[in-house]
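Below, read A as the first sequence line, B as the second, and so on, with proteins coming before strands; counting in each chain starts at 1.
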Protein chains: 2
Amino acid sequence: MVSDPDAVDRDGESVLRDAVPSPNSGPARGTVRNATIQDVADAAGVSKAAVSKVIRNAYGVSPKMRTRVEAAIARLDYRPRIAARAMRGTSYTLGIEIAQVSNEFLTMIVQGALDALAPTPYQLVVAPIRRPSEAGAALQSLADRQVDGIMAISPMVGESWLEDLSDRIPVVIIGRHDVSTHYDTVTGADRSGTDQVMTHLFDLGHRRITHLTTEAIHHETIINDPTNWHRSDLEPHSIRRAVYIDHMRRRGLDPQVTYTGGDELEAQTVTAELLTTNDPPTAIFAGNDTLAMGSLRAIAAAGLGPEDVSVVGYDDITMASHPMVSLTSVDQSGSQIGSEAVRLLLERIGGRTESVQVEEDVHLRVRRSTASPRQP
Amino acid sequence: MVSDPDAVDRDGESVLRDAVPSPNSGPARGTVRNATIQDVADAAGVSKAAVSKVIRNAYGVSPKMRTRVEAAIARLDYRPRIAARAMRGTSYTLGIEIAQVSNEFLTMIVQGALDALAPTPYQLVVAPIRRPSEAGAALQSLADRQVDGIMAISPMVGESWLEDLSDRIPVVIIGRHDVSTHYDTVTGADRSGTDQVMTHLFDLGHRRITHLTTEAIHHETIINDPTNWHRSDLEPHSIRRAVYIDHMRRRGLDPQVTYTGGDELEAQTVTAELLTTNDPPTAIFAGNDTLAMGSLRAIAAAGLGPEDVSVVGYDDITMASHPMVSLTSVDQSGSQIGSEAVRLLLERIGGRTESVQVEEDVHLRVRRSTASPRQP
DNA sequence: TTGAAAGCGCTAACAG
DNA sequence: CTGTTAGCGCTTTCAA
């Protein structure tokens with residue numbers, strides 16, 4: 001695994017390390033040179049092309065040459081440089097752009113992608129962003145690194161920009177319900193999920209239901225930069241909001257949408273304000289579990305319970321099933337979505353050209369955070 | 001935005017776009033060619049070297065050339081290929097290896113690293129692993145991609161292997177209390193943190209205290225592969241365990257260490273068994289918050305409370321402060337650790353050669369999950 | 001079946 | 001201040 005520090009030039013083989021490393025501290029950085037394909041070729045007494053064929057399992061290598069080469073590779077601890085490979089073709093790397101690494105639902109997607117990638121020679125790199133407005137830059141950065149495919153989770157970038165990108169490299173958009181001939185999409189069934197939520201709340205007898213969601217537009221740059229212009233009504237949270245409004249209107253009720261940042265503590269603050277109004281809601285449908293947990297903070301802090309204010313979340317993160325929390329939520333199986341996205345990417349790399357839209361089923365998990373209101 | 005396949009030479013400048021793009025579907029993948037530094041040079045009527053100097057802000061470019069070049073870059077939407085750059089030197093990329101993307105404490109570290117990296121030209125890539133035994137492969141994979149520096153969170157790999165790696169590329173190990181002349185470390189003050197936990201529990205009157213921790217060895221490969229041999233007593237969880245044992249012994253008490261996987265639900269199962277023994281503990285000191293949450297699941301499910309079994313966690317993840325949970329925990333400020341690691345890496349890239357060990361202070365956050373036992 | 005040679009796009013000497 | 005030149009390590013024709 002580790003090349004021999006005291007390697008000297010025997011048998012006319014190239015020497016990869018200093019003949020005399022300093023006494024008991026390793027050689028200074030840069031002193032050490034990694035084996036290259038040329039070194040391996042020399043050591044095995046064959047050509048670079050031969051080595052290349054062996055490491056790629058390409059057609060046309062005799063068993064005995066393969067053996068020789070593999071021995072040399074092992075001896076020199078040779079590793080192909082990805083950058084050099086990328087210059088000639090593939091980088092064996094898939095990239096995923098992700099907002100809020102701290103959002104457990106999003107990390108479930110990464111887990112699913114990892115699982116799907118495990119049996120392949122591809123490596124996953126994650127490009128995390130701190131603000132939605134950074135999505136475009138992160139995608140560019142992945143493209144600059146010549147990844148073989150890109151997954152993006154509801155990025156705030158324009159459709160035409162994405163189509164441009166996906167002309168050059170396979171792209172899967174996760175979450176957004178776009179229909180493009182250029183790139184594929186994987187989404188949860190947001191309409192169905194919201195239907196299940198609303199039906200559940202109505203069945204319990206709730207009428208004053210507030211929808212707590214993240215602001216559609218987070219930063220001015222998203223407005224000003226044409227790159228970011230896209231149909232925001234195709235985003236998961238917009239769809240949930242639209243379906244919510246629709247349900248309320250159909251029952252002759254007044255939709256109440258409250259906006260907040262994506263942060264749990266901000267959701268708590270916003271909910272706390274909501275509770276002090278004249279006519280507070282008897283139920284809160286939160287756009288995701290992080291927001292829901294924030295609402296529960298405010299409700300618990302006010303000494304209230306599910307009969308006072310019920311809460312429904314979305315995503316069914318681990319915390320939701322905790323007995324001390326017991327949050328009713330919509331399970332949309334992030335890991336499934338992640339592995340599906342990888343599958344689509346690999347298909348594209350394999351040659352598929354028609355675009356595909358996949359929608360995953362979702363299921364409401366009813367728990368103790370929802371109950372019939374005290375006075376209907 | 002899109003380069004042109006049929007570029008023709010008008011005005012002596014190379015043309016990268018279609019004059020007439022196809023009606024309503026973009027060109028097929030691969031048809032599109034990105035602008036290269038040569039294209040820019042041609043368009044601006046200068047040499048490649050000149051363009052290179054401009055994009056690197058290198059010394060020796062006249063203002064008027066800079067203007068011309070920048071205009072050409074903008075016009076052609078030129079982006080330097082990282083792979084080509086990497087072959088000649090830096091890739092402007094830092095890598096971080098991380099186990100369990102779903103562990104919030106670990107993602108806090110990533111957040112901190114991102115913040116520290118924001119004002120720099122470096123991009124962060126995350127190499128997530130699924131099992132501890134994959135750490136070595138993930139680090140290799142980052143090295144293969146010629147990142148300019150690597151951060152690794154308590155990787156299960158041998159010290160000598162790490163020293164070899166860090167001879168070729170700057171490395172910061174997060175969590176492990178190694179002292180190496182080759183690589184830097186950033187750790188939390190695990191001894192102090194554990195001291196605070198044990199003092200708190202003793203002060204409350206607890207004597208039967210169990211320590212719930214993850215198994216030291218997760219997979220046989222870690223035992224069998226010499227690459228992985230390292231002083232496991234330098235790992236954070238080992239130190240917490242050792243300090244716990246020490247505290248117990250010093251008070252003449254019997255240390256009780258229970259092992260589990262890193263998973264919340266497994267911790268729940270193990271805790272549930274613990275509660276059914278003859279002489280169950282009055283307090284559980286969990287190695288991290290995920291395990292602590294699992295313990296709380298079992299305790300809540302058994303209808304017990306803090307006076308029956310108190311719980312202390314480690315990391316102080318967001319959930320710990322939730323009023324419905326209120327978990328006493330040790331805050332070790334993951335984002336601080338992450339940005340510190342980046343700082344060290346950038347220093348190394350900047351030329352530092354002596355190794356540095358940084359230890360971050362930690363603080364016990366006392367909440368309602370700990371109370372005096374019913375019968376002392 | 002094997003190898004020689006031509007680049008991929010960029011940076012870093014070195015000349016002019 | 002600017003351009004020419006020589007590679008970095010790999011893959012890929014194309015001959016032998």
State the [atom1]-[atom2] distance between [X] and [Y], to the nearest 0.5 angstrom.
{"X": "A:Ile173", "Y": "A:Leu162", "atom1": "CD1", "atom2": "CG", "answer": "4.5 Å"}
{"X": "B:Glu134", "Y": "B:Glu97", "atom1": "CD", "atom2": "CD", "answer": "10.0 Å"}
{"X": "A:Ile98", "Y": "A:Ile129", "atom1": "CD1", "atom2": "CD1", "answer": "9.0 Å"}
{"X": "B:Leu94", "Y": "B:Met151", "atom1": "CG", "atom2": "CE", "answer": "5.0 Å"}
{"X": "B:Asp144", "Y": "A:Ser91", "atom1": "CG", "atom2": "OG", "answer": "12.0 Å"}
{"X": "B:Ser355", "Y": "B:Asp178", "atom1": "OG", "atom2": "CG", "answer": "10.5 Å"}

With 3.5 Å as the limit, what N/O pairs link the protein to nucleotides 6-9 of chain D?
residue, atom, partner, partner atom, Å
D:dG7, N2, B:Arg88, NE, 2.2
D:dG7, N2, B:Arg88, NH2, 3.4

**OP:** Might you work through the side chain to side chain contact (heavy atoms under 4.5 Å, CB included) test for B:Tyr122 and B:Ile349, ending with a clear yes or no?
**Re:** CA-CA 12 Å; B:Tyr122 289 89; B:Ile349 292 172; 3.6 Å; yes
Original post:
How about B:Leu142 and A:Gln123: do any of their side-chain heavy atoms sit closer than 4.5 Å?
Top reply: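 SC-SC contact between B:Leu142 and A:Gln123 ruled out.
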Atom-to-atom span, [atom1] of [X] to [atom2] of [N] - whole angstrom:
{"X": "B:Arg66", "N": "D:dT2", "atom1": "CZ", "atom2": "P", "value": "11 Å"}
{"X": "A:Lys53", "N": "C:dT1", "atom1": "NZ", "atom2": "P", "value": "10 Å"}
{"X": "A:Tyr92", "N": "D:dC10", "atom1": "OH", "atom2": "C1'", "value": "11 Å"}

Original post:
Among residues 54-61 of chain A, which contact DNA chain C at a heavy-atom distance under 4.0 Å?
Top reply: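 Only A:Gly60, A:Val61 qualify.
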Original post:
Will you find, in the side chains of A:Arg145 and A:Ser141, an N or O donor that is under 3.5 Å from an N or O acceptor?
Top reply: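 Note: A:Arg145 and A:Ser141 side chains meet the donor-acceptor criterion.
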**OP:** Report yes or no: do B:Ser180 and B:Glu159 form a side-chain donor-acceptor pair below 3.5 Å?
**Re:**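 Judged by distance alone, the side chains do not pair up.
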**OP:** Over all heavy atoms of both residues, which pair between A:Ser339 and A:Gly112 is shortest? Give the atoms and the distance, please.
**Re:**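 Smallest interatomic distance, heavy atoms only, reads CB-O, 3.4 Å.
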Original post:
Contact class for A:Ala49 vs. all strands (heavy atom < 4.0 Å): base, sugar-phosphate, or nothing?
Top reply: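 Result for A:Ala49 = base.
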Original post:
With sugar-phosphate meaning primed atoms plus P, OP1 and OP2, does B:Ser62 contact a base, only sugar-phosphate, or nothing at under 4.0 Å between heavy atoms?
Top reply: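 Sugar-phosphate, backbone atoms only, no base.
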Original post:
Does A:Met65 or B:Val51 map to a spot on DNA chain C nearer the 5' end, using the closest nucleotide for each?
Top reply: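 It is A:Met65 whose nearest nucleotide is closer to the 5' end.
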**OP:** Give a yes/no on whether any side-chain N or O of A:Ser47 is located under 4.0 angstrom from OP1 or OP2 of C:dT2.
**Re:**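 So the side chain of A:Ser47 is outside the cut-off, no N or O lying under 4.0 Å from OP1 or OP2 of C:dT2.
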**OP:** For the helix from C:dT1-D:dA16 to C:dG16-D:dC1, measure the angle between the helix axis at one end and the axis at the other, each built from five pairs, rounding to 10°.
**Re:**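 End axes: 40° apart.
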